[in-house]
2 protein chains.
Amino acid sequence: MGVTIKDIAKSAGVSYSTVSKALRDSPLVKEPTKKRIIELAEQLGYQPNAAARSLVSKRSHTIGVVWPTIERAAHAALVTRLNKQLEQLSYTTLISINELEDAVKTFNRYQVDAILTFEEGTSQTDLDTLVPMVTYGIASGNTPYPVIDANRHKAIKAAVEHLIKMGHRHIGYVGDMQDKDRLQADKVSGFQSAVSSASLPVTGRLIQVSGLEQYDGYAAVKNMVQQHELPTAIVSGSHDLTKGILRAFHEQDLRIPEDISIISYDNLPQNEGMEVSLSTVGVPLDTVAEKLAEALMAAIEEKPLESAIYLEPELKISGSCRQFP
Amino acid sequence: MGVTIKDIAKSAGVSYSTVSKALRDSPLVKEPTKKRIIELAEQLGYQPNAAARSLVSKRSHTIGVVWPTIERAAHAALVTRLNKQLEQLSYTTLISINELEDAVKTFNRYQVDAILTFEEGTSQTDLDTLVPMVTYGIASGNTPYPVIDANRHKAIKAAVEHLIKMGHRHIGYVGDMQDKDRLQADKVSGFQSAVSSASLPVTGRLIQVSGLEQYDGYAAVKNMVQQHELPTAIVSGSHDLTKGILRAFHEQDLRIPEDISIISYDNLPQNEGMEVSLSTVGVPLDTVAEKLAEALMAAIEEKPLESAIYLEPELKISGSCRQFP
DNA sequence: AAAAATAATAACAACGTTGTTATTATTATA
DNA sequence: TATAATAATAACAACGTTGTTATTATTTTT
């Protein structure tokens with residue numbers, strides 16, 4: 001078993017309460033004593049016991065992330081960044097891949113200071129937790145916990161409006177339309193909203209894909225080409241779809257932006273490794289991570305949080321769109 | 001703050017030690033009392049405090065998984081399965097995506113009962129932990145902790161030997177050959193070992209890919225076709241590569257197994273959604289998860305563990321291989 | 001140089017739980 | 001019925017830490 005402050009105390013010839021204070025850098029301990037104790041602790045390989053600490057202080061300095069669907073890698077990059085953010089705030093991130101309810105139970109037992117959940121498709125039932133909870137998903141008013149919403153609706157809408165402004169009249173949206181997945185449905189509604197509220201007549205076509213992987217984007221384009229139904233501009237619902245779409249364009253000798261324009265929904269900072277300089281719309285991942293961290297901190301401090309926090313998507317236009325005709 | 005055994009005790013009119021015993025189903029408490037207390041606990045929404053519990057019992061019933069590279073999804077399926085396995089053993093899994101050293105520190109603080117690490121490419125330095133550690137990777141003798149090894153060498157070797165036995169004399173291996181990644185290097189060495197120890201003259205070609213994604217497999221085949229260097233059989237180093245390879249075959253109107261045979265390295269139980277019934281070799285994921293769980297439990301019980309545990313890969317031959325010529 | 005003020009350290013209670021020991025209530029034995 | 005044996009429950013210490021209060025050592029003031 002590990003080294004405790006009592007061991008250090010004995011070794012330093014002081015009381016254990018002095019050790020505790022020295023290690024927490026309290027001004028109640030004389031500087032030389034403090035230094036001696038800290039060095040000794042280092043030397044003995046002291047690791048504070050989180051159980052004891054959080055038992056008495058009621059704070060664990062830990063955030064629990066509930067992520068039952070790690071196999072769908074959707075949030076991997078976000079979690080990585082959030083982990084870094086929280087680390088800087090000297091919080092530790094712990095992940096559970098159990099179902100929401102079990103995960104929350106576990107985290108309750110562990111006395112995490114706050115819990116982050118992802119809304120993954122279906123909306124979640126409310127459950128009782130002792131600690132503040134924050135959700136990354138779609139704001140809908142009736143959740144008991146604050147929801148951070150990347151405003152996918154607004155993002156896609158902005159993309160479409162931009163294309164319309166550039167003269168495009170036939171625009172396609174490649175994505176998932178099954179309205180079970182609220183994240184995807186939100187994007188679709190953004191597309192439809194932009195098309196229907198356009199002052200000029202615009203044809204908006206929804207191209208349903210069966211999944212959100214690279215291959216699905218590829219197949220969608222191949223299909224459109226076969227049916228001779230290619231729009232002049234495409235909005236893609238996800239990064240992976242876009243990769244497939246670009247591959248298909250390439251194979252069909254369709255040039256971007258000469259033959260077709262494209263804007264991709266994306267959170268990633270820049271799309272390295274892409275053949276073309278891609279126009280994107282979405283809230284940058286770092287912003288999302290930052291806002292989530294902020295919301296979690298606020299929740300811990302028991303600051304009142306609005307039940308819905310909408311993040312502002314950014315439209316980044318580069319080489320993949322052109323004026324039409 | 002939450003409900004404690006003291007609250008339950010007060011509510012039930014018994015001492016808190018009786019509550020503790022009742023909830024742990026001790027025979028020292030009379031059956032009706034026990035029942036009453038358990039019901040009351042349920043009703044009050046009692047959640048045991050993990051900090052207090054592990055402080056006194058020195059056991060947290062938790063396994064820490066160190067997984068700094070979640071963005072590479074390689075182990076997602078395995079972790080999911082392991083999580084289930086451990087759940088059945090009434091252990092909770094907690095994941096940290098921090099760097100090994102930090103993650104171990106965190107888990108030490110949390111007094112997890114054991115730690116699992118993944119060997120991801122480079123071998124790991126040894127570090128001091130208070131709790132038993134197990135690694136999933138490549139056995140190499142000099143690690144201080146037991147390594148569970150899926151025996152990729154043997155797997156690939158078996159695949160190649162099978163192909164040789166079926167008459168193939170020109171066999172290609174599609175995979176990553178940079179010897180920084182020991183997991184991949186192990187497969188390559190299996191390939192080379194099979195080729196060089198064949199009793200008949202066999203041409204073994206290594207086809208280097210730049211990554212392990214679907215696209216890389218696709219590109220590898222396209223390249224081989226262009227150079228007119230197609231072998232009669234291919235061994236693929238990963239599931240994703242295989243998907244790309246199959247796509248490329250399809251596009252080139254290469255038929256499996258008529259024109260070319262293929263065996264894929266794989267841990268997944270069955271390759272659903274594949275066009276052809278694929279031959280695979282590898283340790284099934286469930287077996288890996290099971291063995292990892294076993295090793296962790298043994299480590300906790302302080303049973304002496306061998307420093308290297310080799311798992312037995314399974315060769316599953318189906319439609320994608322044929323006798324040659 | 002004695003008293004008062006302050007700095008430094010030590011002692012102690014508490015957090016919620018478990019395991020051990022002490023007490024009380026019940027039943028069995030003489 | 002009194003006493004021994006046993007069953008049921010209560011009391012208590014301990015786990016490693018923090019925050020508060022008590023004690024001792026040092027400095028300042030008169």
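As the structure is a prediction and not an experimental result, all values here were calculated from the model. Chain identifiers are assigned alphabetically (A, B, ...) following the order of the sequence lines, protein sequences preceding nucleic acid strands; residue numbering begins at 1 within each chain.
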* To do: With the side chain of B:Leu28 defined as its heavy atoms from C-beta on, choose the nearest nucleotide among C:dA10, C:dC15, D:dT9.
  => D:dT9

* Asked: Side chain of A:Ser15, base of C:dA11: donor and acceptor closer than 3.5 Å?
  -> no

* Out of C:dT9, D:dG16, C:dA10, which has the shortest distance to the side chain of A:Val56? -> D:dG16

* Under 3.5 Å, is there an N or O donor on one side and an acceptor on the other linking the side chain of B:Lys30 and the base of C:dT26? -> no

* Structure fact -> Nearest-nucleotide check on DNA chain D, B:Val29 vs B:Gln111; residue mapping nearer the 5' end is B:Val29

* Donor-acceptor under 3.5 Å (B:Asp113 side chain, B:Ile63 main chain) -> no

* What class does the angle between the rings of A:His75 and A:Phe118 fall in, given that below 30° is parallel, 30 to 60° is tilted and above 60° is perpendicular? -> parallel

* Atom-pair distance (CZ on B:Arg59; C1' on D:dC15), nearest Å -> 16 Å

* **Of the listed nucleotides C:dC12, C:dT17, C:dT9, the one nearest the side chain of B:Arg53** => C:dT17

* To do: Return the orientation label for the B:His61 and B:Tyr91 ring planes: parallel under 30°, perpendicular over 60°, tilted otherwise.
  => parallel

* Please figure out whether B:Lys34 or A:Tyr46 has its closest DNA chain D nucleotide nearer the 5' end. => B:Lys34

* Structure fact -> Separation of C:dA8 atom P from A:Lys35 atom NZ, nearest Å, is 17 Å

* Asked: Nearest of C:dA10, D:dA11, C:dT18 to any side-chain atom of A:Lys21?
  -> C:dA10

* Asked: Has B:Arg24 got a side-chain N or O lying under 4.0 Å from the OP1 or OP2 atom of C:dT17?
  -> no

* Asked: Where the side chain of A:Ser57 meets the backbone of A:Arg53, is there a donor-acceptor pair that is under 3.5 Å apart?
  -> yes

* Whole-Å gap separating P (C:dA14) and NZ (B:Lys6) -> 9 Å

* Asked: Over how many whole Å does the gap from B:Asp25 atom CG to C:dT18 atom C1' extend?
  -> 15 Å

* Please determine if a side-chain N or O atom of B:Ser17 lies less than 4.0 Å away from the OP1 or OP2 oxygen of D:dA11. => no

* **Among C:dC15, D:dC15, D:dT17, the one nearest A:Ile5 by side-chain distance** => D:dT17

* Give a yes/no answer on whether the side chain of A:Ser57 brings an N or O atom under 4.0 Å of OP1 or OP2 in D:dT18. => no

* For the side chain of A:Thr33, counting heavy atoms from C-beta on, which of D:dA11, D:dT9, C:dT9 is nearest? -> C:dT9

* Which nucleotide in C:dG16, D:dT18, D:dG16 has an atom nearest any side-chain atom of A:Tyr16 -> D:dT18

* **A:Asn151 versus A:Glu312, side-chain donor and acceptor atoms under 3.5 Å** => no

